Structures are given as C-alpha cells and as structure tokens.
Asks: 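Handing you a structure now.
Order of the sequence lines fixes the chain letters, A, B, ..., with proteins taken first and strands second; residue numbering starts at 1 for each chain. Quick caveat: nothing in here was measured; it's all calculated off a predicted structure.
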Amino acid sequence: MRATAGALLALLLLGAAPAPAPLRVCADPNNLPFSNARGEGFENRIAELLARELGTRVEYTWWAQRRGLVRHTLAAGACDLLVGVPAGWDPVLATRPYYRSTYVFAWRRDRALDVRSLDDPRLRTLRVGVQLIGDNGVNTPPAHALARRGIVQNVRGYPIYGDYARPSPAAPILHAVADDEIDVAVVWGPLAGYFADRLTTPLAFAPVTPAIDPPGLRFTFAMAAGVRKGDTPLRDRLQAALDRRADDVRAILDAYAVPRVEQP
Amino acid sequence: MQISVPGAQEIVDWWNAGRCRHRRRVAALGVALLVALLTIIVAVHSDHHALAAVGEDGQWLRAAGDYASTRYSPLAQITAANVRQLRPAWSFSTGVARGHEAAPLVVGDTMYVVTPYPNVVYALDLRAGGGTVRWKYEPKPAAAAQGVACCDVVNRGAAYADGRVVFNTLDAHTIAVDARTGRELWNTKLGEINRGETMTMAPLIVRDRVLVGNSGGELGVRGWLAGLDLATGAVAWRAYSTGPDRDVLIGRAFRPFYAADRVPNLGVTTWPAEAWRIGGGTMWGWISYDPELDLVYHGTGNPGPWNPDQRPGDNKWTSAIFARRPATGEAVWAYQLSPHDLHDYDGINEQILLDLDIKGRRRKVLVRPDRNGYVYVMDRATGEVLSATPFAHVNTSKGVDLATGQLSLNDEKTPVLGKVVRDICPAAPGAKDWQPSAWSPRTGLLYVPHQNLCMDVEAVETGYIAGTPFVGMNVRMYSGPGGHRGEVTAWDPVNARAAWKLKEPFPVWSGALATAGDVVFYGTMDRWFKAVDAKTGELLWRFQTASGIIGQPITYRGPDGKQYVAVLDGVGGWAGAIVSGDLDPRDTGAALGFVNAMRDLPAHTPKGGTLWVFALP
C-alpha cells in the first residue's frame, strides 16, 4: 500500500510541473544571416521567439541546407519545424508568409553605381557576380536573367554552398564586391542586408527590377515557417504565435536589415 | 581469331622495357632526382607479381578484372550448358543498406569487399569453402559527406596491388590497408566535402601509381584525376579537367587527333571568363591501361554548375576522354565527346581496350559506350574516332562527323528558359551511365547494360532562393520507346551494330561479366541475377536475391579449384535512390527527376546489402 501511495505521489508531483515538450527545430549550423549553431541568425531569433510564445524552449537538430533537406529532417522525424521556407513549398505544410524579400543588386557604397534594372546597359561591361546552384538546369534567377540577355562573359559565379568549412559560406560573393574583384553582385536580399555593413567596405543595394522578368522569372519570394505535412495542429499554433508576435518578428527582421517588399 | 585482348606476354614485355627505360633516365638525370627515382624503381620492382597476376590465374584484382577493362574471365567450368545448375554457395551481409555498386576483389584465398558509406572493408577467408571474416577495416568517414553526395552514397570498389588494398571514402580520402592484416598503411585526404567534393570511384593501380578522381560536378567542384604513390600515398601529380594547360597537364607531348583541339589553353578559352574554375569535369568513373603504349585512359564528367546558356563555348575538357602517362599524368591526347554538354551527359564511362580489324586493318582501339548514346570506336594511340554509332534511342544529336570528330546536335532538344522541352532522349543519366560493360573475345561482342529513358525538362519553373531550401525541380524522366526502362545490348564494334538486345523493366544499373564458358552475367533492380547465352542472349538461369542488384559481378577460382561467381545486391544509386534513400514516390522531381521513372520500384525490392557467391554443385 505504502509503495503504491509513494508512486501515486510521485506521479502527482510530475503532473504538477510538466516539462513542456521543446520546439524541435532543424536549422543549418552555418548559414548566416539565416542561422548558425551559435544562434546568431534571424531564423534562430524567430525560433526562440516562437518557442517562448508557445511556453517552451528550442531544441535544435543541425542539418545543412542541401538536397534531401526535408527527407533528413522533418520527414525523418528529427524535428518539427523549419523556420524559413518558401511560402507554399510543396514538401512541407507552411504557415502564411511572414516576410517577402527580393534579389538585389549590391555594390560598394563608395561607388555611385546605383544599378536597379536588369536592362541597365552597364551590366554588359561591369564585372557581375551571381550565385550558382547548378542543379540540372536550374540556377538562381539572376543568373538566368543575365544569360538570357547574353550577359555571360563578364559574369562570375559563386557556388551557393561555398566553402562550408568557413563561417558564412555564402558571403564570398559580397566579399568580392567589397574587395573590388567584381563591381556588382546580384544576391538574395537578406544576405546583402546583413553583410552590407559587416565587410571591409560598406555596400549599397537596391531591389532587382523588373520583379518578374518575362516569361516568368521571379525575383521576389515570400517566406514562411514549415512543418511536416499533416501536422496541422502545430502549424496552426505557430500561425497564431506568428500573428500575435508580428511586431517582434518585424523587429528581428529589421535588426538584420532584411530587405522587404510588398506583393508585386 | 581476329580479335584479341592485350595479353600476358605483352605485359611481361612491357615490364622489361619499362625497367630499362627507368635505368636510362636515372643515368641522365641529376643527383637531386636520384632519390625520388630510386623510390619509383623499388616500387615498380615490388609490383612485378601483381602485373603477372592479371587474368588467367582466376583472381580478380581490380573492379574491371583486367587493365583493358574487358570484365572477361578465361574460367570455363561454368558454361552455357551447365549454368542451369548454378546455386548459391554462401552469402554475407555487409550490414549496410545503401546502394552497393562495388565489385568484390579476390586475391589468393581472400575476398575483399568495400561497402557504400561508411565504406567498411571486409577481408573474407575463402579457404573453408565459405567466407569467414578475416578482418574488418572501418575508416569512419565524416557523416556530413552523405549530405554532399549527389546520388546515394555508393562506392564502386577497391583495387589490389603489392599486398595493399586501396579504396576511396565518400569524404574524399584514399586509403591503403595491408591486405593480410587490414592495418592502415596510409590515408591521404584528396578533396574537401565542405566544397562539395566526394569520392566514389574504384582506383586503378598502374605500377607504383594509384589513380583516383573526384565526384561532385553539380556543386561547383573542379574535376581532377590524381596519381598517388602506391607505397606512401603521396600525391605525385594532379591533372585538372578545366583551366590552363599547365593545370590539365597538357604539355609538349600533347597531340590530339583533331586540329581544332591543338590550340593552347582550351580549358580556359572555351569558357566565359573564370567560369572554368568551378567548371565540373569530375572523374568518378573508369580508367583503363595499355601497358604497351603506357597510356591510361579516363573520361571526365559534365560541366557544372553553370547552365548551358551561362557557359557558351565547348567547355573543355568536360565530357571528354584523356590518354595520359601514368607516371606523370602528362596528357598525350584528348577528345571531347559532348562539347558544351546540354543534358548532363557525363563522359566517365568505361574504355574497353581491344585489338580489332577495322575496315581490313588491325587497329589498337578503345571502345566507349557513352552516356550520349553512341558507341565510339577510337584509335587509342592517336585519339581518332573510327566509328560512332547509336546503341540506344537518341534524338538529342544527329551523329558524329568522322572528319572533325564533332557531335552534331539536334537544336529542337535544347533546353530553353521558361519552356518545357519534351521527349529528350536519352534522359540525364544517358543511354548508359556508370554501369560497366563486358567483352568476350570468343564472340566479339560487347555486353552493354544500360537504360532506355527519356525526359521532359523545364528550365526554371519558379527559380531558386539562395541560402534557403530551394524550390522547383524541373526534370521528369520516363521510359523510352517500347515502355521498358532497361536494356542489355550485345554490340558488335567491328560492324557497328547490335547482335541482340534484351529488354528489362527497370534500368540495368549493374555491371556485366563475360566468361570463357560463353555465359554473360548481370543483375536487375527487381532482384534477379541472370545468366544469358553470350551468343544469343537466351536466358539460361536466374536467381532472386534479397535486394535489387546494381553491383558488378565477378568470377574467380576458389582455393578448392572451383569456379565461383560473386555479386553484391543492395539497390540504390541514382536510379534506386527511391528505395535506398526513402524518397517519396509522389515527389516526381526527386533524385533529379529520376524518381518519376522509378515510382514502382519499392514494390519490387527492399533495401539491402548482401554478397552472393554462386557455384556449380
């Protein structure tokens, strides 16, 4: 009897202070400004904000953003949330987008280049950097847009995955601008926003226009949070948290100077 | 017999000549080089017995069997007449359930097996009639390499010479272990997974050189072939596939057959500025060696990571064949099979070295069944294309001009931005991928395992967002004409025509093996290991294994004097990633579009990793 009562007491004590399930997040340990293992990226900050709002803490599984990401993370049950995915991305169940950014032209602030359009004739002679993925015919939209205009001989490519042994493997294209190895880089906005004031020379940047290059090349994308397909309860809780803390999310994105655009 | 393979006597002749050449060089060179050369001579000398061991003694010392890459065995206990009695003698689980593309090796009374990642090496003692583990070596490659590898985490096998078993790891190390003890002798890091480089190919050992190359062409990796010292693992030379001649090891000895190729620094000038630096041309396939000409032959992978419209020019030397000196890596000739590749047609397939009567003239030829769908018959001394004939359904090109060596493209099948281009044949894996052919000097036929796939390509559906999970796969593969996805073609390279063809429901992703018993062996992804008549293709025998087969069958004479046939099962690779990588069959763009063609594979095979050894009763 006494043993049973003790067990019952223990059960009651546990029930009185339930350890809330952590928010299990998969994130890239080396992909600033998005995330890193030290929690310095804006997706780290948003994950922490969401966890606090859900009354728990973040538990990370680190996985580089490569081919097979969803298969090795959400689908494998290693985690329940990817903080930044394209809105409507098919492999996941996504929230509504919480920001929309754009590819930008970036140049040294001490040079008044002010490139804004893919049709700027100077793009034929300037040294231009683009990011490459090279995955069977698909690269970043700026690479395609320039090639379609016949602008190739003066274009340098920077593999998106870079040298993963170094911090911020995607940054070399912006270092190349700062170091005057190229004149202008066409990069995804959050990268330019974050690094513009963190290089040897500050950079200026402006959104790529046109925002949609006929016949259908897009330069603006909306980003959302993604959970495993079918996990509607978690998605709905995250959506509610994002809605309640929309101002804080905006403040985090501002702190990282993430360029944002309205729906085109 | 009009057809022969470079034989044992030629190898011995070469050996004697080679030693004399080395001695003369020693006399002519300065004191500073003496030490290095003496090291080479000692290594060459100690390798003597390995060269003598090629072929006839019933061993299997390298993935392709012999230096000519024939995968032909003179063993003839198992014949077309008795193969129906073949039955499993023993089996062994590797404990790894990923795609097993390797060939087992047999040296004396020991079999060596290297697994996919984590690249475990087993030495199996054959003396007791089965396979008893003598030792096991675990290199423990970096787990992150799995996320970099493009197409499953395969390994294509080890190589043996001079008491050493040499193999590559997925995280880009080449390792030599003592064949008797499994003790690590040397371990050389050759590539950087953090920059997208992996290694999956089977090394080839020529005298004191271990030849290895890298994988990862889609990730901005610059391709290379390296020559390592067999004794120490030190890198003696590295020949890049792109860039200035000094990097490609093109020097004064370089004499490509076609005049247009005799221009300096084509590895730079056939690209937009600087694009060659990340231009691809990796070397994850096969190397052959002709001891008489003292030339190794190897291919190069497709250009990357640039899309075709971002890299105007021929993009040399991607999707090409090189002839090089094994000692120095120096290029002697090169020929580009698919200039300015549009369709991911890597040029890494096998080179089978044969002596054939072509148009009434005895020629030392190199036969290459290429990913672009043509069988090339080339003069291997000069690099001249003697014939290039489609062995599968091809509509991306219209033929090869033998005067210029140029492939004539079909512009209708060029990917165009924002437009779906349908019915591109062959699909991205080509008419034939890495899976190696076998040659029988008895039939004069090359047995080519391959696929029959076409694809639709839409260049840019939604675009990629740099630094975030990417969007939009845009390649869909499906079966080619006839509805079957795989074929085995028996090809007559003298008359440039197919003698017969077998159809298989799935791509034939395994290697082939030919024997003096006039039997050809191959495996299927739906778990059948098959023996067919080398003359007619008639199915003589089949056995259902535990998992689908994408490995390379071999044959050997056991310590008991009996002939055995061995093959690894374990479905996977690019074609079988839907099973080995648990891909979602609804995700038609997965595995770069291959999943669409393989949605029914999971119903036919589970994952696995088992060595099967067969013998007559």
Asks: Between B:Gln310 (side chain only) and A:Ala143 (backbone N and O only), is there a donor and an acceptor less than 3.5 Å apart?
Replies: yes
Asks: Measuring heavy-atom distances to chain B, does A:Phe219 have an atom under 4.5 Å in its side chain, in its backbone, in both, or in neither?
Replies: neither
Asks: Which atom names give the shortest non-hydrogen contact between A:Pro159 and B:Gly220, and what distance separates them?
Replies: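 In this case the closest contact between A:Pro159 and B:Gly220 is CG-CA, 4.3 Å.
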Asks: Would a distance-only check, ignoring hydrogens and angles, find a side-chain to backbone donor-acceptor pair under 3.5 Å from B:Asp582 to A:Ala75?
Replies: no
Asks: Roughly how far, to the nearest 0.5 Å, is the CG atom of B:Asn194 from the OH atom of A:Tyr161?
Replies: 14.0 Å
Asks: Quick one: what part of A:Arg71 sits under 4.5 Å from any heavy atom of chain B, side chain, backbone, both or neither?
Replies: side chain
Asks: Quick one: does B:Asp309's side chain get under 4.5 Å of A:Arg148's, heavy atoms only?
Replies: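 In short, these two side chains do not touch, never coming nearer than 4.5 Å.
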Asks: Check whether A:Leu132 gets within reach of chain B through its side chain, its backbone, both or neither, counting any heavy atom under 4.5 Å.
Replies: side chain
Asks: Rounded to the nearest 0.5 Å, how far does CG of A:Asp90 lie from CZ of B:Arg586?
Replies: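 The CZ atom of B:Arg586 sits 9.0 Å away from the CG atom of A:Asp90.
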Asks: Top residue by heavy-atom pair count (under 4.5 Å) with chain B, among A:Ala147, A:Gly150, A:Ala76?
Replies: A:Ala147
Asks: Could you pull out the closest heavy-atom pair between A:Gln153 and B:Pro312, with the gap in Å?
Replies: NE2-CG, 4.2 Å
Asks: In chain order, what residues pass the salt bridge (charged side-chain N to carboxylate O under 4.0 Å, His left out) check against B:Asp171, with sequence neighbours excluded?
Replies: none
Asks: Taking side-chain contact (heavy atoms from CB on, under 4.5 Å) as the test, write out the residues that go with A:Ala178, two or more places apart.
Replies: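 A:Ala178: side-chain contact (heavy atoms from CB on, under 4.5 Å) contacts with A:Leu199, A:Thr200, A:Thr201, A:Leu203.
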Asks: Select one option (side chain, backbone, both, neither) describing which atoms of B:Ala273 are under 4.5 Å from chain A's heavy atoms.
Replies: both
Asks: With only heavy atoms counted, which part of A:Ala165 is less than 4.5 Å from chain B, the side chain, the backbone, both or neither?
Replies: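 Both backbone and side chain.
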Asks: Are more than 12 heavy atoms from other residues, nucleotides or ligands located less than 6.0 Å from atom CZ of A:Arg149?
Replies: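 Yes, because the 6.0 Å sphere around CZ of A:Arg149 holds more than 12 heavy atoms from other groups.
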Asks: Closest heavy-atom contact between B:Trp306 and A:Arg156?
Replies: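 Smallest interatomic distance, heavy atoms only, reads CH2-C, 3.8 Å.
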Asks: Tell me, yes or no, whether the heavy-atom count around A:Arg122 atom CZ, taken from other residues, nucleotides or ligands under 6.0 Å, exceeds 12.
Replies: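 Counting other residues, nucleotides and ligands, CZ of A:Arg122 exceeds 12 neighbours.
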